[in-house]
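Just the heavy atoms: all of them, side chains too, but no hydrogens, waters or symmetry mates, feed the values below.
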Amino acid sequence: RRQREMAQRTDAAIEQLEQRAKQLEETSPAQSQAMQQAAQRARQQQASERQRQAAQQVQQNQTGQAQQNQQAAEDALEEVLQALDDTQKARDEQLRRTLADVLQSLDQLIARQQTEITRAGKALAGEIAPNLDGAMVQLHQNTLAVLAKVKREAQNADKLFEFIESATDAQASAIVSLRDDPADYAAAEQTERVALARLKDAREEAAKLDQQAENRDQDRTRRELKKAYTEALELQAQINAETKPLVGVELDRRTRSQLR
């Protein structure tokens, strides 16, 4: 039963690999090709079929052949899982590069938005504040550019996208108020504050996404170190098991060569 369950999990893992490969065809052709090749190798090696054969062989008491098939299936499955992990790692690396740019841009947008709020407040108080609408138009265009970058490069960042989109909507409303005749500085200042709040929300969300990606990378590193350490212990245990019976025994040349 366990072997059949493993076969089903193997089929699911291969299908997941193929689906992700298809999703990445346009945005990351190299990753997509690597994943497709890994899935193809797993199918060629008949990973799930070997697991089903192993289940049948166990029932028929053919334990030697069952172990061979199971080991071959496990090797193929490990390759598929490694390909999935490598793909996620590459996606996280790309995401963190994108988020670094987005965070820098958001800092600039927030600073500029604060400046425009101050200028709108001065105009509301009767002071001269030239080109308020023009400055907001430029700020709006810059925010739209960041929004486009997030949509294009940051997958599964819906909340970040929504915050920035909300900021652009508020900025657009502010521009309309500033271009009224007479200009409605109070309404403009109010909607610009909404835009500022959404930009700050976006920055917080971008930082959160970056931290999550960093945590995943640290988890991968810990798993890789744990695996390497476990393999080293297993190798040492094997060496100890092979050499212990020979302690105190004079070895011939052939035996010494085998133990190197």
Side-chain angles (χ1 to χ4, degrees), residues 16 19-21 23-32 34-35 81-121 132 135-175 177 188-227:
Q16 183 183 10
Q19 289 174 359
R20 289 193 182 181
Q23 293 171 352
L24 293 172
E25 282 180 351
E26 294 184 4
T27 58
S28 183
Q31 291 181 41
S32 176
M35 295 175 74
L81 296 177
Q82 184 63 50
L84 285 170
D85 197 47
D86 289 345
T87 301
Q88 182 61 53
K89 179 179 180 180
R91 289 176 63 182
D92 280 340
E93 289 174 349
Q94 176 59 48
L95 176 62
R96 295 200 70 192
R97 287 193 292 269
T98 296
L99 290 173
D101 292 341
V102 169
L103 283 166
Q104 182 178 16
S105 297
L106 286 171
D107 284 339
Q108 295 171 352
L109 292 174
I110 288 170
R112 188 60 188 168
Q113 187 68 75
Q114 289 172 328
T115 297
E116 292 309 310
I117 290 173
T118 300
R119 285 178 7 103
L132 287 176
M136 275 304 302
V137 168
Q138 184 61 54
L139 179 57
H140 182 244
Q141 291 174 345
N142 292 343
T143 308
L144 286 173
V146 176
L147 182 66
K149 182 179 182 65
V150 169
K151 182 178 181 180
R152 183 176 62 250
E153 300 180 17
Q155 297 181 4
N156 301 322
D158 296 341
K159 199 171 182 180
L160 174 60
F161 181 88
E162 290 171 2
F163 282 140
I164 301 176
E165 186 178 40
S166 179
T168 64
D169 291 341
Q171 290 169 344
S173 296
I175 293 170
S177 297
E189 183 187 31
Q190 182 179 0
T191 51
E192 286 184 39
R193 289 188 182 280
V194 172
L196 177 61
R198 296 294 82 77
L199 288 172
K200 288 182 176 180
D201 288 339
R203 196 200 184 287
E204 183 178 347
E205 178 65 16
K208 178 181 175 182
L209 292 172
D210 183 63
Q211 184 62 55
Q212 290 173 347
E214 182 181 2
N215 291 342
R216 288 192 295 269
D217 184 57
Q218 291 175 350
D219 287 342
R220 277 190 294 269
T221 300
R222 282 192 290 269
R223 288 198 303 270
E224 290 170 359
L225 290 173
K226 183 179 180 180
K227 180 181 178 182

Seminar exercise, completed: dist L106:CG -> E205:CD (nearest 0.5 Å) comes out at 11.0 Å

Exercise. Near K151 NZ, under 6.0 Å, is it more than 12 heavy atoms from other residues, nucleotides or ligands?
Worked result: no

For this session: Could you tell me whether the side chain of L139 reaches within less than 4.5 Å of the side chain of M136, counting heavy atoms only?
Result: yes

Problem set entry | Shortest non-hydrogen contact from L99 toward D210 | CD1-N, 3.5 Å

Seminar exercise, completed: Rounded to the nearest 0.5 Å, the CD atom of E192 sits from the CD1 atom of I175 at a distance of 9.0 Å

Seminar exercise, completed: Heavy atoms of E165 and L147 approach each other most closely as N-CD1, 3.7 Å

For this session: Nearest 0.5 Å please: distance from the CZ atom of R112 over to the CD1 atom of I117.
Result: 12.0 Å

Problem set entry | Close side-chain approach of L199 to T143, heavy-atom, < 4.5 Å | yes

Seminar exercise, completed: Output for pair (R198 CZ, Q113 CD), nearest 0.5 Å, gives 12.0 Å

For this session: Only counting residues at least two apart or in another chain, list the ones meeting side chain to side chain contact (heavy atoms under 4.5 Å, CB included) with S177.
Result: D184, A187, A188

For this session: Work out which heavy atom in A213 is nearest to a heavy atom in L95; give both atom names and the distance.
Result: CB-CD2, 4.5 Å

For this session: Work out which heavy atom in L132 is nearest to a heavy atom in A120; give both atom names and the distance.
Result: CD2-N, 4.2 Å

Problem set entry | Minimum heavy-atom distance between L103 and A207, given as atom pair plus value | CD2-N, 3.9 Å

Exercise. When rounded to the nearest 0.5 angstrom, what distance separates OG1 in T191 from CG in L196?
Worked result: 11.5 Å

Exercise. Is R119 salt-bridged to E116, cutoff N-O under 4.0 Å?
Worked result: yes

Problem set entry | For Q212, all residues meeting side chain to side chain contact (heavy atoms under 4.5 Å, CB included), sequence neighbours excluded | K208, L209, R216

For this session: Determine the minimum heavy-atom distance between T98 and A154, stating which atoms define it.
Result: CG2-CB, 4.4 Å

For this session: Give a yes or no on whether the backbone of E162 and the side-chain of S166 come within a donor-acceptor separation of less than 3.5 Å.
Result: no

For this session: Please lay out, stage by stage, how E189 and R193 fare under the test salt bridge (charged side-chain N to carboxylate O under 4.0 Å, His left out).
Result: CA-CA 6 Å; E189 183 187 31; R193 289 188 182 280; 3.4 Å; yes

Exercise. Taking atom types as modelled, is there a side-chain donor on Q94 or R97 under 3.5 Å from an acceptor on the other?
Worked result: yes

